[in-house]
Structure formats: structure tokens, C-alpha cells
**Q** 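Before anything else, here's the structure in question.
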Amino acid sequence: MNFMRYPFQEIESKWQSFWQNNKIYHTNLSNIDKKLYTLVMFIYPSGAKLHCGHWYNYGPTDTWARYKKLKGFNVFEPMGYDAFGLPAENYAIKTGVHPFDSTITNINDIRQQLKKMGCMYDWDSELMTCVPAYYKWNQWLFLQLYKKGLAYRKNAPVNWCPKDQTVLANEQVQNDGTCERCGTLVIQKNLTQWFFKITDYAEELLKGLDEINWPEKTKTMQRNWIGKSTGAEVKFKVENSDEAITVFTTRPDTLFGVTYLVIAPEHPLVNKLTQPKFKKDVDKYLDSIKSLTEIERTSTTKEKTGVPLGSFAINPVNGDKVPIWIADYALLTYGTGCVMAVPAHDERDFEFASRFNLKIRKVILGNNKEPDDLLESAYTESGKMINSGPFNGLDSETCIGKIIEFLEQNNLGRKKINFRLRDWLISRQRYWGTPIPIIHCEKCGEIPVEEKDLPVELPYDVEFNPSGESPLASNKLFMNVKCPKCGTAAKRDPDTMDTFVDSSWYYFRYLNPNFADGIFDKNLADNWTPVDMYVGGAEHATMHLLYARFIHKFLRDIGFTKSNEPFNNLIHQGTITNLGAKMSKSKGNVVNPDDLTSKYGSDVFRLYLMFMGPYELGGDWSDKGISGTDRFVQRTYELFNKFSGVFLKAPQKSNFDILLLSIDEKSVYRKVNQTIKKFDEEINNFRFNTAIAAMMELLNELNKNLDKCSNSLQSYSLERFGIMLAPIAPHLAEECFEIAGNKESIFLGEKWFEPDYKALIEDNVNIAIQINGKLRTTIQVPLDTEQNIVKDIVINDEKIVKYLDDKQIIKEIFVKNKIYNIVVK
RNA sequence: GCGAGAAUGGCGGAAUUUGGUAGACGCGCUAGACUUAGGAUCUAGUACCUAACCGGUGUCGGGGUUCGAGUCCCCGUUCUCGCACCA
């Protein structure tokens, strides 16, 4: 054993306290020159503490932030706690420990763990959402939305989790109809709930996606979620009735092909339009629907069901009398809840009509088709109009506009854009969240709390019995207030806000979490937002990332920020699974990072997470390769010890003339500069695995040849190696630099090296020699050797000669410095 | 069902931007050195077939374009992710 092992425990805590004591990472926010706001999604402080997924999110992102800092950017990288939420409350129900107490305990533990990671978080900017100083501004935000009519209450069927005893947003219900948090089957319930009117921003949320540098996949998901579709609303009169049915369609060109109408079973018109003779069957059908779960009902594989109501509607364009049905494939929550069915040109309608023997009428003809051809499936493309009165013979595409025009002129319908996006349901019947600042007065109705009376503080003493009502409802001290308007006895709103409200604007608050004069410091926000780089899980694609964009635009509209979008660049780290499943306590497959950091240290663990593979990919956990990055650290430490004090021995040189170097020196010099170029490109694009591979290659070269170099080249090489090491293994790099003779922290200012481009090019290159495209040998020649010289060497090469004997050369392909291919016959 | 992406040694993964020596880097494995010892360290080797050389084969399978294909095109298989009656 030549050197002692790298004593990571001692060295990591040494540099961590050095950084902390010297406030190395405090960002001067008044300096906006080359400002760079790097943000990771803040942490939910659960009892499970930091796990590998957090490390995978935070470690590599911190590497990127440090790299940018060394390149001269004024980097702001904060960390905080998304501290409200259900799990803390569920924990309280189970154990009796108050959510506030458990959350604060968890935060204190997590803060210690975070500090041990050695990230450059600006701890002066730390925030948590569960304190009045923060959630007061959720309430303020609510009031601003309320003023503009963007926060409102309505009775609506909502997703209800019977286990968590609260409502869920659509996004929080998984594909199989279960609760995202606990996996319980979600039911539908009619409740009066608070909503934020995100739909007012649908169009802008869609358009804004074109301005931001986000993963295409995430943008597509948001586009689909917003779900814009253009079409028309058409009014169908009901025969022998004053009622009318309005449908939404994206295909007004098929209007002449309507053979029946479908309305959603829950639609209020159902009762009115059901003819007495049909009532029994309709009731039976409605019953059968109720017993189905949401998944069963909306499953695409299930056969469509439905019954007729006995009423008929009149097609406004041709006067056709068509039957009205109810069917489970019509959704109350989209469009008008009513569908005009065109079986000939819609797959769902075709399937339904075939099953119930309803009429099918063709109105669009595809190329090379005859009107009498048998229709085997719905024809959904465009084509020539038939059976469509005045529109016959025209192209269906152009008829969309013409028919809308016709409808509008005759007051039968209008152009209409529909969005799939629904308003954001923000109230939760739970305790551990931001109280909704509304007072309900019997006389005056719904009265907002005045801004000067904020915050409405969350009381500490409550009963945590899951009753379906917010625990706040049973706290008389909290609930009973005087109406701000008339002064009589009134009650507070007992619900709390969805925690996604907290995370919709936290990136503003980080800039000054103690700011008392407003939701955030507007001057700082103007200088520092939007966030330049945001890193977090892809699971937030249609929730947090959409809500934050909405709130950002709203804040802009009320004059609080100038930008249109909160996050200019977005990267999703991949998911680390274990044994094929996402790590979770309930599955018992959580890998505890402490076991690894206590064995190898933070730097080794961080390096390993980055080295495992592409950052966006994640992967299944295995610690098999961690000894590789451990060895890298050990050998680096050994190398610097071998050359301790080298910075003091030799004068600093910025470049060398490569022609004056020895062969070994040249090799070292070239590799150092090639690595700088490669490393820079890779880290900049979050390709940590290949960046580290390049560093390993450089280390191998230095171990081989550095002792054969001059003192000044040794100094040159180790200085550059150490600077590149700093973002990927910060503690180690600081220590190594100190060993080499550096006096102060690496991270004090700009410190990056440009490669010496003259040194990047090799003197000699290997050229692949191919016969008929097959590799036969390689030869080494000086750079830029011309074809005739290469040919001279090749045709005399013993490995090649035998392939050329008795053969005729038909063609030669020569690519300088790459290949020489001879085609023979 | 629809849409997007992917498939490379025993393993994680490079190379795909621009078609030009496939397997960088690391793990693991094999042999050797040092050692009281080695689960430490160092050196060498490591895609597969062939005893070895020569040679041949090889980037999911099948076809194609090209002097040349992991890379481009077509067909298929498998996997991952997203959407899932949105009229």
C-alpha cells in the first residue's frame, strides 16, 4: 500500500464546514451580470428522508450548477421544502404525532442530510411552505384570483378517495382509476368545491409551449392534456318539445350523415326527454351504469352500451328525424355532453350503430369509391361530399368552413373551440394545508377575508378523525368568525388548498423568503426569473408544470412579473428503480443512500449516480459498479499526493508550444486539452456519464506519463484536471487542490480553462484499409497524408497484396485521415 | 387501440450530430506480480466461432439503398413511456 486511502469522512466534513463558515455559496442577487437561476424541484419532507431518487435529482444538477459557476456565471441554486400535504396528516392519524411537529422534525433531519451531500445550495434562501410567512401569500394569491373571477366555487361531480377522505384533481387519478397516493379506487361524488379557472388560459398555455426549451415529450403531454379541438356547436330541436340539444362536433362536414344523437347518461335533459314507455328501460340502464366503476365505464375495450329515450331530434340542415339515445360513451364533462352520431364517418358511432342496428348514411366518399360500396368500417378521412344537399360534389375539407358559415347565418349553430382541460379543483377536505381565506355568512354569502387580515392561520389544535370533512370544521375557535361585511356570526371555509398551489410560485419566493411586503420581491424577480434551468421528475408534466405556468401568467397579468413562462429550460432526470419497480416504502425496495455514503463518501456516490448511464434515462439500481468510481477517487487522491506542492514548484504557464515537448509530454498535453473540450461539451448538456469517462481516460494518461513531464507541465495538467474534477467531486477537488499548493477555495470565482486548440489534433492517424468494403488492415500515417502516398503503402502491404493479385481495381474511395477502400473484381 | 422512443459483449453503457476501424469508460471475469494474507494494489488479457494461426461471424429478426450501414429506407418482433371512448 503506497498511500493511505482517501479519508473521505474527515475531508468531506472539513470542506463542508469551510464552505458554510465562509458562505462560499451565498449568491449576491444584486449582481445580475451573467445571472443563472438553477432549480431542482423542492423536496417533500417525508419521514423516509432522502432516498436515491433525491440524490439522483440533486447531485448531478448541482454538478451542472457548479460547472456553470466555475465558468463565471453568478449561479443561484436554492433548496426548500414542499412541507404541506396528506402524508403528514395520515401519519398523524396513525401515530398521534402532529403534522407540524413531524414535518419540522423531518425538515431538520433532511437539512442535515442535504448538507452532507455537499451541494452549493444558498442556505440563506431556504424556505418551507407550511409556515404563515409562506402560506399567507397562497391566500393572497387566492384573493387576487378571486377578485378577477378566476377562483370560484361550484357543485360538481368530483373524484373522491374513500381512504384519504378527500377530493383529487383529475391528474391525481391514475389510469386504472385509483388514487395516486394510496392506490384506493376513486369514486365520483357531488360536492361544492373551489376551482381555479385555468381554462381561461388554455389557449395561452398551449401557445407558450412553443417558446420554451422543454423536452418535446413533456410539451406533447401538455398539448394533449390541454386538448384543443376546433369545430362547431350545432343546435338540434327536439320533436314535440321546447327543448333543444346542442352538440359539439369537430366534423361539421358530416352533419348530413347524422342518424342519431347520444347524450351522456348523467345529463339533466335525460329526465325530460325520456318518453314514459321507455322509462323502465332507461332507469334500468342508469342503474347498471352506476354499479360500474370509472375504469370499467371508460375502458376503450369494453363494448359500448346504451338505450333510446323514445324522443327524436330534428337535424337542422336536412330536417331529418333522428332518435335520441343515452350511451356510456358520451361524457358529460366534455363539450356539451351531447354528441351527434355519424356512424359512417366516426369509429365509435360506427361500432355503436352496428351493434344496435341504427341507420348508417354515407356523406363523404373516399378516392376511387362508389356511393353504393359496402362500408366495412367508418371512413374518417376527407373526400367528396355526397347526400349533403347543396354541398354535394364539394371537397369535405372546404365544407367545414362553409357549413359553419351556413349554420351561423341561419342561427343554427356557431364555430366553437373546445378544450379538454378542466378547471383546477383546489380545495381539499384536509387539515395540513393552506386555509382558504373565505368566510361564509348566511346573510352576505361568500365573503373574502380582507388582505390586511391575512394570514388566516392554521390552528394547531384539531382532531384528526377522517370523517370526510376537513378537521378544521370541528374547531369552533377557527370556524366561528364575524362576517367582515355585516358583523354577524359567520363561518370560515373549512377546506385547505391543494399543495400544488404552494409549488406554483415558490421559485419567486426563494429570492427573498423573508420578504414581508408582498408575495415576493418584485425587483429581484424581474432580475432573476424566469428560472434558467429547472430539473425534476417527468411525473409532474401535466400537474405542477402546468399549474406553475398558469399562475406565472396570472401573476404577469396583475403586474407582478414581466416574463411569460416560469422555466425556460427543463430537464427530467430518469427514474431509478429497484428490482424493476419504483422505490417505495410499501414495496420494501428502497435503497438507503446513507449505507453507500457512509461506506464510500458523498463524492463517490454522486460520481457513481452520474456515471451509471444517461441522466434522462435513469435505470434499475445496482451498486455493482460503484467500486469503479471509488477507485477513480482513490487514484486521483494518490496522484495529487504524489505531486503535492507542485503548484508552488513551477511557474504558472497558460500554454505550451507543442513542438517543443517530448513525446510523453506531448501525449499528456494533448490529452489534457482534448479532455477539456470533451468534458465541457458533455457536462453542459447533462451528459455526465461520458464526461466522467473522459476524466477517467485523462487520469489513466496522467498516471502513465505525468512523472515524465516537466514541473510546469505537471502543474498545468493537475490544475486543469482539478478544475474539471471540482463540479463532479467537489470535496475531493478542494482537497486535491490544497495538496497541490492552492491556498483558497476553488469555488470563489470564475475558474475555467479553454483548450489549446492547436494541441487537439493528432500528428498521426490510423487509416482503415478496406477491400470491397471489408476491413483488411489499418495503417498509421501522418495527418493529412494524400491518397497517392497512402496507395503506395497499401499496395505493398503484405496483408493487402494477396487481395489484389489477379484482380482488377474498379474503384477506389479515399477519405482523408479515415479510410481507403479498394473495390476489386 | 392510438402516439412517441428504444433494442449494441456476462453487466451498465460509448460511437448515431456528419454513413467511414463497433464495443470508449467502468463493472465483472482470466492470468501474472507484490504479499503472512487479499474481498487491497499493480501489470496484461477479455464480442463470438475456430485447439491455435489463417480466417469467418457480429449492433433484436427479415429485406433494401451504398464502394461502405449500429447509423439511412421498408416490413416484422419485443420492451419502455405517454394517451386511452375528448365527439
Side-chain angles (χ1 to χ4, degrees), chain A residues 1-3 5 175 216-218 220-221 223-225 227-229 231 247-251 254 261-262 264 295 297-304 327-331 333-342 345-349 351-352 418-422 538-539 541-542 574-575 607-608 611-614 617-632 634-635 638 678 687 689-700 703 765-779 799 802 810-824:
Chain A
M1 193 147 115
N2 298 324
F3 286 95
R5 280 183 64 80
N175 281 342
E216 242 0 273
K217 218 176 161 174
T218 308
T220 305
M221 267 195 246
R223 282 191 192 105
N224 292 340
W225 192 262
K228 179 181 180 174
S229 48
V247 301
F248 172 73
T249 177
T250 54
R251 294 293 302 273
T254 63
L261 294 190
V262 191
I295 346 154
R297 226 195 101 175
T298 58
S299 161
T300 27
T301 51
K302 178 181 136 308
E303 263 195 290
K304 302 182 192 339
D328 56 356
Y329 79 94
L331 306 174
T333 44
Y334 183 77
T336 61
C338 308
V339 184
M340 62 176 226
V342 187
H345 305 292
D346 181 283
E347 280 163 29
R348 293 154 301 182
D349 299 341
E351 188 194 325
F352 193 80
N418 241 321
F419 291 95
R420 203 188 83 118
L421 182 70
R422 321 275 167 80
E539 67 274 16
T542 52
T575 312
L607 280 167
Y608 179 58
F611 188 61
M612 275 184 355
L617 219 71
D620 206 46
W621 174 255
S622 156
D623 60 7
K624 258 168 97 185
I626 197 166
S627 52
T629 47
D630 185 44
R631 274 176 211 150
F632 171 76
Q634 301 301 334
R635 293 168 67 199
E638 246 178 65
K678 167 100 175 155
R687 289 191 294 259
N689 55 332
T690 45
I692 292 170
M695 285 292 280
M696 287 172 167
E697 284 187 57
L698 177 57
L699 178 64
N700 291 341
N703 268 327
V765 290
N766 288 320
I767 293 189
I769 308 304
Q770 301 179 337
I771 303 295
N772 292 341
K774 270 195 197 310
L775 179 75
R776 290 307 171 186
T777 189
T778 63
I779 59 166
K799 280 185 182 150
K802 58 184 173 188
I810 307 173
K811 199 171 177 182
E812 292 161 79
I813 296 104
F814 179 74
V815 180
K816 200 185 263 181
N817 301 326
K818 287 225 164 115
I819 61 134
Y820 184 48
N821 184 13
I822 303 171
V823 184
V824 297

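In what follows, chains are A, B, ... by sequence order, proteins preceding strands, each numbered from 1.
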**Q** To the nearest Å, give me how far apart CZ (A/F632) and P (B/rC42) are.
**A** 14 Å

**Q** My understanding is that a pair needs two contacts under 3.5 Å, Watson-Crick or G-U wobble. By that rule, which nucleotide pairs with B/rA6?
**A**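 B/rA6 is paired, partner B/rU78.
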
**Q** In whole Å, what is the span from the CD atom of A/Q634 to the P atom of B/rG26?
**A**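 In whole Å, B/rG26 P lies 15 Å from A/Q634 CD.
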
**Q** Does the structure show a Watson-Crick or G-U wobble partner for B/rG1, both distances under 3.5 Å? Name it, or say none.
**A** B/rC83

**Q** Is there a side-chain contact between A/N700 and the phosphate of B/rG26, meaning an N or O under 4.0 Å from OP1 or OP2?
**A** yes

**Q** Roughly, in whole Å, what's the span from CD1 in A/I771 to P in B/rG55?
**A**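 Computing the A/I771:CD1 to B/rG55:P distance gives 13 Å.
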
**Q** Among A/D346, A/L261, A/V262, whose side-chain contact (heavy atoms from CB on, under 4.5 Å) with A/M340 holds?
**A** A/L261

**Q** Taking the minimum atom-to-atom distance to the side chain of A/N821, which one of B/rA87, B/rC67, B/rG26 wins?
**A** B/rC67

**Q** Rounded at 0.5 Å granularity, tell me how far CG in A/N821 sits from CG in A/L775.
**A** 10.0 Å

**Q** Measuring only the P atom in each nucleotide, how far is B/rC25 from B/rC34? A whole number of Å is fine.
**A** 28 Å

**Q** Any base atoms under 4.0 Å from A/T778, or only sugar-phosphate, or nothing? Heavy atoms, all strands.
**A** base

**Q** Identify the nucleotide, in any strand shown, that forms a Watson-Crick or G-U wobble pair with B/rA47, with both distances under 3.5 Å; if there is none, say none.
**A** B/rU57

**Q** Output all residues satisfying side chain to side chain contact (heavy atoms under 4.5 Å, CB included) with A/E697, sequence neighbours left out; order by chain, then residue number.
**A** A/K671

**Q** Could you report the tightest heavy-atom contact between A/I813 and A/V823, atom names first, then the distance?
**A**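 Minimum heavy-atom separation between A/I813 and A/V823: CD1-CG2, 4.2 Å.
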
**Q** Report yes if a side-chain nitrogen or oxygen of A/K811 is closer than 4.0 Å to either non-bridging phosphate oxygen (OP1 or OP2) of B/rC67; otherwise report no.
**A** yes

**Q** Rounded at 0.5 Å granularity, tell me how far OH in A/Y608 sits from CG in A/D630.
**A** 12.5 Å

**Q** Look at A/R420 and B/rA84 and indicate whether a side-chain polar atom (N or O) is within less than 4.0 Å of OP1 or OP2.
**A**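 The answer is yes; a side-chain N or O of A/R420 sits under 4.0 Å from OP1 or OP2.
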
**Q** Quick one: pull up CH2 in A/W225 and OG1 in A/T218 and give me the separation to the nearest 0.5 Å.
**A**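 A/W225 CH2 to A/T218 OG1: 14.5 Å, rounded to 0.5 Å.
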
**Q** Distance between the C1' atoms of B/rU36 and B/rA31, in whole angstroms?
**A** 23 Å

**Q** What integer number of Å spans the P atoms of B/rA4 and B/rG70?
**A**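 Here B/rA4 and B/rG70 have their P atoms 26 Å from each other.
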
**Q** Measure from the side chain of A/M696, starting at C-beta and using heavy atoms only, and say which of B/rG20, B/rC25, B/rA87 lies closest.
**A**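 Comparing B/rG20, B/rC25, B/rA87 against the side chain of A/M696, the answer is B/rC25.
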
**Q** What interatomic distance, in whole Å, is found between C1' of B/rU46 and the corresponding atom of B/rG26?
**A**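 Between the two C1' atoms, the distance is 14 Å.
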
**Q** Expressed as a whole number of angstroms, how long is the span from A/N703:CG to B/rC25:C1'?
**A**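 Atom CG in A/N703 sits about 15 Å away from atom C1' in B/rC25.
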
**Q** With rounding to the closest Å, how many angstrom separate the P atoms on B/rC48 and B/rA40?
**A**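 Here B/rC48 and B/rA40 have their P atoms 24 Å from each other.
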
**Q** Going by distance alone, is a donor N or O of one side chain under 3.5 Å from an acceptor N or O of the other, for A/N700 and A/R635?
**A** yes

**Q** Just N and O in the side chain of A/R5: are any of them under 4.0 Å from OP1 or OP2 of B/rU41?
**A**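 Looking at the OP1 and OP2 atoms of B/rU41, neither is under 4.0 Å from any side-chain N or O of A/R5.
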
**Q** If you look at every strand shown and take non-hydrogen atoms under 4.0 Å, does A/Q770 touch a base, only sugar-phosphate, or nothing?
**A** base

**Q** Pairing check on B/rU16: which nucleotide meets the Watson-Crick or G-U wobble criteria with it, both distances under 3.5 Å?
**A**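 The answer is none; no pair meets the criterion.
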
**Q** B/rU41 phosphate, OP1 or OP2: any side-chain N/O from A/R631 under 4.0 angstrom?
**A**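 Result: yes.
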
**Q** Taking only the side-chain nitrogens and oxygens of A/K774, find out if one of them lies under 4.0 Å from OP1 or OP2 of B/rU57.
**A** yes

**Q** What's the CD1-P distance between A/I813 and B/rU66, to the nearest Å?
**A**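 Distance check: A/I813 CD1 to B/rU66 P gives 13 Å.
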
**Q** Could you work out the separation of B/rU59 and B/rG9 based on their P atoms and round it to a whole Å?
**A**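 Those two atoms are separated by 9 Å.
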
**Q** Output one line per pair: protein atom, nucleotide atom from nucleotides 9-15 of chain B, and distance, for all N/O pairs under 3.5 Å.
**A**
| from | atom 1 | to | atom 2 | distance (Å) |
| --- | --- | --- | --- | --- |
| B/rG12 | O2' | A/M612 | O | 2.5 |
| B/rA14 | OP1 | A/N689 | ND2 | 3.2 |

**Q** Measure the distance from CZ on A/R251 to P on B/rA87 and round it to the nearest whole Å.
**A**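 Between P of B/rA87 and CZ of A/R251: 12 Å.
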
**Q** Starting from the 5' end of RNA chain B, give me the residue, A/G773 or A/R635, whose nearest nucleotide shows up first.
**A**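 The answer here is A/R635.
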
**Q** Is any NZ, NE, NH1 or NH2 atom of the basic residue among A/E216 and A/R223 found under 4.0 Å from an Asp or Glu carboxylate oxygen of the other?
**A** yes

**Q** Go ahead and name the base partner of B/rG32; Watson-Crick or wobble counts if both distances stay under 3.5 Å, otherwise write none.
**A** B/rC42

**Q** Classify A/R776 by what it touches in the nucleic acid, base, sugar-phosphate, or nothing, heavy-atom distance under 4.0 Å.
**A**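 Sugar-phosphate: the residue A/R776, judged by heavy atoms under 4.0 Å, touches backbone atoms but no base.
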
**Q** Could you tell me the separation between the CG atom of A/L331 and the P atom of B/rC85, rounded to a whole number of Å?
**A** 7 Å

**Q** Could you tell me how far B/rU57 sits from B/rU50 if I compare only their C1' atoms? Round to whole Å.
**A**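 The same atom, C1', in both gives a distance of 11 Å.
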
**Q** Please classify the glycosidic conformation of B/rG76 as syn (within 90° of 0) or anti (everything else).
**A**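 What B/rG76 shows is an anti base, its glycosidic angle lying more than 90° from 0.
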
**Q** Where do A/N418 and A/G335 come nearest, in terms of heavy atoms and distance?
**A**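 Between these two residues, the closest heavy atoms are ND2-CA, 3.4 Å.
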
**Q** Nearest-Å distance, CE (A/M221) to C1' (B/rG5)?
**A** 12 Å

**Q** Please say which of A/T778, A/I779, A/V815, A/I769 ends up in a side-chain contact (heavy atoms from CB on, under 4.5 Å) with A/Y820.
**A** A/I769

**Q** Assign A/S229 to base, sugar-phosphate, or nothing according to its heavy-atom contacts below 4.0 angstrom with the strands shown.
**A**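 It contacts sugar-phosphate atoms only.
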
**Q** Under 3.5 Å for both donor-acceptor distances, Watson-Crick or wobble: does B/rG70 have a partner, and if so which one?
**A**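 B/rG70 is unpaired by these criteria.
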
**Q** Taking the C1' atom in each of B/rU21 and B/rA14, what is the distance between them to the nearest angstrom?
**A** 15 Å

**Q** If you look at every strand shown and take non-hydrogen atoms under 4.0 Å, does A/S627 touch a base, only sugar-phosphate, or nothing?
**A**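 Since only primed, P, OP1 and OP2 atoms lie under 4.0 Å of A/S627, the category is sugar-phosphate.
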
**Q** Counting only Watson-Crick pairs (N1-N3 plus N6-O4 or O6-N4) and G-U wobbles (N1-O2, O6-N3), all under 3.5 Å, who is the partner of B/rA22?
**A**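 Base-paired to nothing in any strand shown.
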
**Q** Let me confirm one number: the CZ-CD distance from A/R631 to A/E638, rounded to the nearest 0.5 Å.
**A**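 Result: 12.5 Å between the selected atoms.
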
